[in-house]
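To keep things clear, I will list the structure first and then write my remarks on it.
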Amino acid sequence: MGAWALSFGCSVGWGSFVMPGTTFLPIAGPIGTAIGLGLGGLVMLILAANFNYLMNRFPDGGGIYTYTKKAFGYDHGFLSAWFLITTYIAIIWANATALPLIARTVLGDTFRFGYLYMKRWLG
């Protein structure tokens, strides 16, 4: 759980706070960035509305697996659970690399020392 929380927090932090200013603005400009963030927010609102509907329709404890199982049956619930587990596993490895990027952005050259860095600086 700790590795999952760390990787998910890194991906959300990197995607929400660093990438719009360093990646989106130079490429898409302020209007393109605002449109992209607005479309992302719209998708999240649609997902939230669907979860709200499912929570009201099935008031017991829920989640993707439970809602899919109750709405579409056990086979679809099983598939959705496996896709969700695969996604969580992929998030850990794919987004754990965001931690050094965040550290480099926030801390700059603080941790750039040692033999290989000195060799590069000295020529």
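Since the model is a prediction, treat every value here as computed from it, not as a measurement.
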Could you go through residues 25-43 and list every donor-acceptor pair under 3.5 Å that involves a side-chain atom there, pairing it with any protein atom two or more places apart or in another chain?
residue : atom : partner : partner atom : Å
Thr33   : OG1  : Phe24   : O            : 3.4
Thr33   : OG1  : Gly29   : O            : 2.8

ask   = By side-chain hydrogen bond (donor to acceptor under 3.5 Å, both in side chains), which residues pair with Asn52, not counting sequence neighbours?
value = Asn56

Can I get a per-line list of side-chain donor-acceptor pairs under 3.5 Å for residues 65-82, giving both atom names and the distance, sequence neighbours left out?
residue : atom : partner : partner atom : Å
Thr68   : OG1  : Ile64   : O            : 2.7
Lys70   : NZ   : Asp60   : OD1          : 2.9
Lys70   : NZ   : Asp60   : OD2          : 2.4
Ser80   : OG   : His76   : O            : 3.3
Ser80   : OG   : Gly77   : O            : 2.9

ask   = Residues in ring-ring contact (aromatic ring centres under 6.0 Å, His included) with Tyr53, at least two apart?
value = none

